[in-house]
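Report on the following structure.
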Amino acid sequence: MKRCPECRRDYYDDTLLYCLDDGNALLEGPASGKSEPPASVGGQMGAEPQTAILHSTAAPGEAPTRAQVHTTDQTAILPRGSEAEPSTRKWLAIAAAAVVLIIGGISFAIFKFWPKTDRPSQAMSIERLTTNGMSRDAAISPDGKYVVYILDEGGQQSLWTRQVATTSNVQIIPPADVEYSGLVFSPDSNYINFVTRERPDGPLALFQMPLLGGTPKKLISNVSGGVAYDPEGKNIAFVRHEFPAADESSLLIANSDGSGERILATLKRPEFFATVGGQIPAWSPDGMSI
């Protein structure tokens, strides 16, 4: 008689080698059909039923089959499928940890080196530059070190330069019965450009003078507002009303010294290029469009 060590089913057919229910190798069992307590292993009562070491009669290098496995009278514990799982779980854990590390590294690289477009701006501070109550229209140099402003005293206007760091003010043009507008610094911060006309209805003209004073130089006649420098500082753009005809206004460019005027575009009334409120043309960053 044989018995299945797992389900304890008895078989009286000695030719059977494996249990028909669970496929475990059959062991030699007692003559009676009663169940027996588990045999002791190593001198201690075991929790598992009596099992046997399986030996293979297959030739070296040949995979054993069920028919080639036989039992001995030596007792041992047969390994179950669940006992082989820890090794698989170990490699799965290692693979999962590697994936987590890779994802973490990529996330850190994106956070660290990806261009930031939404960084919070620094706190802005406001500083009063003039306190006389008669200043109007001002321009700040590209390097942020100077401010030029117009001072209007009883209808007489003058131009002043203020050094931001020292808070000192220098008059660069004395008061006169003229009107100034369109203050624009040169890109190198060395010169100030301004539009002026004699009152009440004199012609507008563009002048340029050194930042800390000197003789103004006329660059362009008959302008209708301030000028705008291209990114390289080689050309200026400006508007001229009633040009080339009385019912037209034009957008022009010229060299930075006022030479080489040329028309870019002309509008006919009721359309026109606006200069109200000190509006001036604007160049694109690459200098290819206005």
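Starting from 1, each residue takes its place in the sequence as its number.
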Verdict with reasoning, R197 to E179, per salt bridge (charged side-chain N to carboxylate O under 4.0 Å, His left out) | CA-CA 6 Å; R197 70 175 172 186; E179 182 179 346; 3.8 Å; yes
Test log, rule side-chain hydrogen bond (donor to acceptor under 3.5 Å, both in side chains), inputs E6 and N24 | CA-CA 7 Å; E6 182 67 24; N24 284 294; 4.5 Å; no
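Under the 3.5 Å distance criterion, with hydrogens and angles disregarded, a donor-acceptor pair is assigned to the side chains of T275 and H241. Counting only N and O atoms by type, the side chains of Y149 and N169 include a donor and acceptor under 3.5 Å apart.
For the atom pair I220 CD1 and L206 CG, the distance stands at 5.5 Å (nearest 0.5 Å). One distance of note links OH of Y180 with CG of D137; it measures 12.5 Å at 0.5 Å rounding. Within the model, atoms CD of E242 and OG of S250 stand 11.5 Å from one another, a figure rounded to the nearest 0.5 Å. Distance check: L219 CG to Y191 OH gives 11.0 Å after rounding to the nearest 0.5 Å. A distance of 14.0 Å separates CD1 in I150 from CE in M134, rounded to the nearest 0.5 Å. Of the inter-residue distances, the one linking F185 atom CZ with L211 atom CG reads 5.0 Å to the nearest 0.5 angstrom.
Cluster membership check: I102 shares its hydrophobic cluster with I110, using side-chain heavy-atom separations under 4.5 Å among Ile, Leu, Val, Met, Phe, Trp and Tyr. Put simply, L183 and V195 are part of two different groups of oily side chains (I, L, V, M, F, W, Y) that touch within less than 4.5 Å, one to the next. Both F243 and F238 are part of a single hydrophobic cluster, where members link through side-chain heavy atoms under 4.5 Å apart. Follow the hydrophobic side-chain contacts under 4.5 Å out from F207 and you reach I192 in the same cluster. Note on V178: it does not cluster hydrophobically with V184, by side-chain heavy-atom contacts below 4.5 Å among ILVMFWY residues.
Within the structure, side-chain hydrogen bond (donor to acceptor under 3.5 Å, both in side chains) contacts touching residues 223-234 (residues at least two apart or in different chains) are N193-Y229, Q208-Y229, D230-N235.
Residues D22 and C4 meet the side-chain proximity criterion, which asks for heavy atoms closer than 4.5 Å. Between S158 and I173 the shortest side-chain heavy-atom distance does not fall below 4.5 Å.
The backbone N or O of N255 sits nowhere less than 3.5 Å from a side-chain atom of S259 that would complete a donor-acceptor pair. Counting only distance, with no hydrogens or angles, the side chain of R240 and the backbone of N222 share a donor-acceptor pair below 3.5 Å. Of the possible polar contacts, one joining the E248 side chain to the A245 backbone as a donor-acceptor pair under 3.5 Å is found.
Closest approach of I172 to M209, counting heavy atoms only: O-CE, 3.6 Å.
Between E28 and R3, none of the side-chain N atoms (NZ, or NE/NH1/NH2) sits under 4.0 Å from a carboxylate O, so this pair counts as no salt bridge. The existence of a salt bridge linking D21 and R9 is confirmed by a sub-4.0 Å separation between a basic side-chain nitrogen and an acidic carboxylate oxygen.
A search for side-chain hydrogen bond (donor to acceptor under 3.5 Å, both in side chains) contacts involving D188 returns S186, N190, not counting sequence neighbours.
The other residues sharing a hydrophobic cluster with L264 are V239, L251, I253, L267, F273, W283, I290, where clustering joins ILVMFWY side chains under 4.5 Å apart.
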